[in-house]
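When reading the values below, keep in mind they use all heavy atoms of this one structure, side chains included, and skip hydrogens, waters and symmetry mates. Letters A, B, ... mirror the listed sequences (proteins, then strands); counts begin at 1.
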Number of protein chains: 2
Amino acid sequence: MSVKVSASGIIVKPEPTKIGRLEITRADIMNTAFRFLWSHPFREMTVNKLMDQTSVSRSSFYNYFSDTHELIESLLEILESDILQGANPWLTDDGDPVALLHQSLTAEVHVCYRCGPFLKAITDAAGTDARLEAGWYGMLGRFDDAVRERVIADQALGLIESFDPRSVATALNQVDASMYVRAFGQRPRSRPGPVLDAISRLWISSLYGERWVANRMSTLYREQGASR
Amino acid sequence: MSVKVSASGIIVKPEPTKIGRLEITRADIMNTAFRFLWSHPFREMTVNKLMDQTSVSRSSFYNYFSDTHELIESLLEILESDILQGANPWLTDDGDPVALLHQSLTAEVHVCYRCGPFLKAITDAAGTDARLEAGWYGMLGRFDDAVRERVIADQALGLIESFDPRSVATALNQVDASMYVRAFGQRPRSRPGPVLDAISRLWISSLYGERWVANRMSTLYREQGASR
DNA sequence: GACTTTTACTGACATAGTGTCAGAATTTAC
DNA sequence: GTAAATTCTGACACTATGTCAGTAAAAGTC
């Protein structure tokens with residue numbers, strides 16, 4: 001894109017490009033969609049309603065995305081890198097695995113709390129479009145693989161007992177994803193503390209054993225009088 | 001309808017039915033929908049395609065259901081009782097709780113394996129309609145409550161350590177639901193064995209501790225050589 | 001069996017949202 | 001300043017929805 005070739009085959013220019021109008025409009029649409037999905041479910045997002053909030057017409061939408069699902073897919077890509085970043089400690093670092101796992105889960109909960117309604121929009125949208133569904137499942141699958149790798153490594157070290165790492169990795173990731181959508185997908189969102197505690201309990205007890213769990217609870221349940 | 005005349009003017013069929021035309025047509029539509037959803041995702045189910053497979057016209061659909069979501073809601077009610085039935089042992093019976101839990105999970109996996117694509121249809125449809133979504137979350141909520149009750153009871157007996165039972169119950173039910181949809185929702189469906197193993201591990205280790213898990217695995221992982 | 005009444009069904013219509021395309025408007029190239 | 005490109009838009013065709021007035025079938029009545 002930075003170098004264009006004319007019909008005669010001559011290299012035309014290294015493109016001075018002030019700032020692409022194209023990029024601006026595209027970003028405008030994506031931002032508008034993100035804002036819209038913060039306060040409305042995906043099912044209410046029509047191309048019309050969306051483009052009313054931008055400076056360009058409805059038809060222009062189709063210069064950038066073939067439909068609303070492709071738009072969501074673009075937003076999803078951004079999200080994936082955000083989440084993966086926070087999950088890094090346990091997946092890659094050396095040290096106390098239980099501490100690292102808890103650290104990764106904490107980061108993940110934070111990111112997903114912040115974009116809960118958008119996360120829900122993605123899963124809703126995935127159900128209405130085959131391509132997006134494949135993209136969403138693809139992302140989940142990459143998470144599964146990463147977790148599986150780490151489990152295998154810790155099994156080799158004797159830190160985790162021997163069991164089929166694939167299905168357990170999938171199940172653990174599914175807990176996270178479905179809890180985030182359910183707890184943070186609708187406003188008012190649930191508070192992240194209890195969600196983190198529950199998720200941590202499941203991950204730690206099923207991988208490293210329940211003796212590690214108690215240390216990692218953000219709030220001691222008894223202290224707050226067993227309230228909701 | 002009791003007498004049909006073909007294009008050539010020949011009387012095609014006499015109708016022997018006496019009663020319940022309404023119930024019959026309603027059941028016809030519901031059966032057709034169920035069959036359709038076995039081989040197509042919900043997003044492809046239009047009123048047109050559906051009613052083409054029945055003996056009545058598209059318009060008639062609206063005599064029975066206000067839209068496709070309400071139809072799904074009716075089918076969901078049937079499903080809920082099916083699942084609850086299998087879950088009964090752990091929820092209500094006396095005896096070894098770990099054994100009963102495993103028994104309940106086994107039954108649940110079986111039911112959900114059998115109607116996997118339909119389960120996926122429900123969750124897809126829930127994302128596209130507020131009322132159905134409320135119904136689906138309502139059902140999940142009732143499961144959460146039942147599990148929570150049982151956890152509280154076992155906590156009182158000292159069988160389960162003291163922690164917030166609500167969020168853990170929700171998380172555990174979410175594992176089940178999301179795994180069933182993911183593993184059994186698309187054909188070819190995953191085999192139920194590994195799914196049951198993974199789910200059992202999460203439930204048992206997070207509630208009763210990992211020392212109980214090994215006994216309950218349907219297949220000993222080492223024996224099958226850590227394949228895939 | 002001929003009648004009215006009730007019940008179940010249907011075709012035709014209005015509406016909403018989608019995606020396309022030819023051409024207008026705007027920016028960039030020279 | 002004009003040509004070429006890029007970007008945008010109104011108008012159109014199409015699909016699916018849900019409604020409704022009217023038709024057909026069944027049940028009730030004598």
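Regarding B:D67, its CG atom lies at a distance of 13 Å from the C1' atom of D:dA16, rounded to whole Å. Rounded to an integer number of Å, the gap from B:E70 CD to D:dG18 C1' is 13 Å. Rounded to whole Å, atom C1' of D:dT9 lies 14 Å from atom CG of A:D52. In this structure, A:N63 atom CG and D:dT9 atom P are separated by 9 Å, rounded to whole Å. Between B:E23 atom CD and D:dA26 atom P the separation is 17 Å, expressed in whole Å. B:F65 places its CZ atom 18 Å from the C1' atom of D:dT19, with the value rounded to the nearest Å. Atom pair A:L50:CG and C:dT18:C1' shows a separation of 14 Å (rounding to whole Å applied). A:F61 has its CZ atom 11 Å from the C1' atom of C:dG19, to the nearest Å.
More than 12 heavy atoms of other residues, nucleotides or ligands sit less than 6.0 Å from atom CD of B:E44. Remark: A:R142 CZ is packed, more than 12 non-hydrogen atoms of other residues, nucleotides or ligands lying under 6.0 Å away.
By the ring pair (Phe, Tyr, Trp, His ring centres under 6.0 Å) test, A:H40 is found to be paired with A:F36, residues two or more places apart in sequence or in another chain being considered. By the salt bridge (charged side-chain N to carboxylate O under 4.0 Å, His left out) test, B:D124 is found to be paired with B:K120, residues two or more places apart in sequence or in another chain being considered. When the ring pair (Phe, Tyr, Trp, His ring centres under 6.0 Å) test is applied to A:F118, the partners found at least two apart in sequence or on another chain are A:F34.
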Would you check, one step at a time, whether the test salt bridge (Lys or Arg N to Asp or Glu O under 4.0 Å) holds for B:D144 with A:R182?
-> CA-CA 13 Å; B:D144 293 350; A:R182 174 128 176 237; 2.7 Å; yes

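With C:dG11, D:dT9, C:dT20 as the choices, the nucleotide that has an atom nearest any side-chain atom of A:Y62 turns out to be C:dT20. Here D:dT9 is the nucleotide among C:dG11, C:dG19, D:dT9 with the atom lying nearest to any side-chain atom of A:V56.
With contacts defined as side-chain heavy-atom distances shorter than 4.5 Å, the pair A:L75/A:L79 does not qualify.
Remark: B:T25 is in phosphate contact with C:dC9, judged by side-chain N or O atoms under 4.0 Å from OP1 or OP2. A sub-4.0 Å separation between OP1 or OP2 of C:dT10 and a side-chain N or O of B:S60 is present. Taking only side-chain nitrogens and oxygens, B:S59 never comes nearer than 4.0 Å to OP1 or OP2 of C:dT10.
Residue-level contact check: A:Y64 touches the backbone only, with heavy atoms under 4.0 Å from sugar-phosphate atoms and none from bases.
Taking a 4.0 Å limit (strictly below) on heavy-atom distances, residues 29-48 of chain A reaches DNA chain C at A:T46, A:V47.
Classified by interplanar angle (parallel below 30°, tilted 30° to 60°, perpendicular above 60°), the ring pair A:H69/A:F42 is tilted.
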Could you list the protein-to-nucleotides 12-15 of chain D atom pairs, N/O on both sides, closer than 3.5 Å?
none

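Taking a cutoff of 4.0 Å between a charged side-chain nitrogen and a carboxylate oxygen, A:D145 and A:R148 qualify as a salt bridge.
Summary of the strand contacts: B:S57 and A:T68 both lie near DNA chain C, and taking for each the nucleotide with the nearest heavy atom, the more 5' one is attributed to B:S57.
Residue pairs satisfying the salt bridge (charged side-chain N to carboxylate O under 4.0 Å, His left out) criterion with at least one member in residues 58-71 of chain A, sequence neighbours excluded, are absent.
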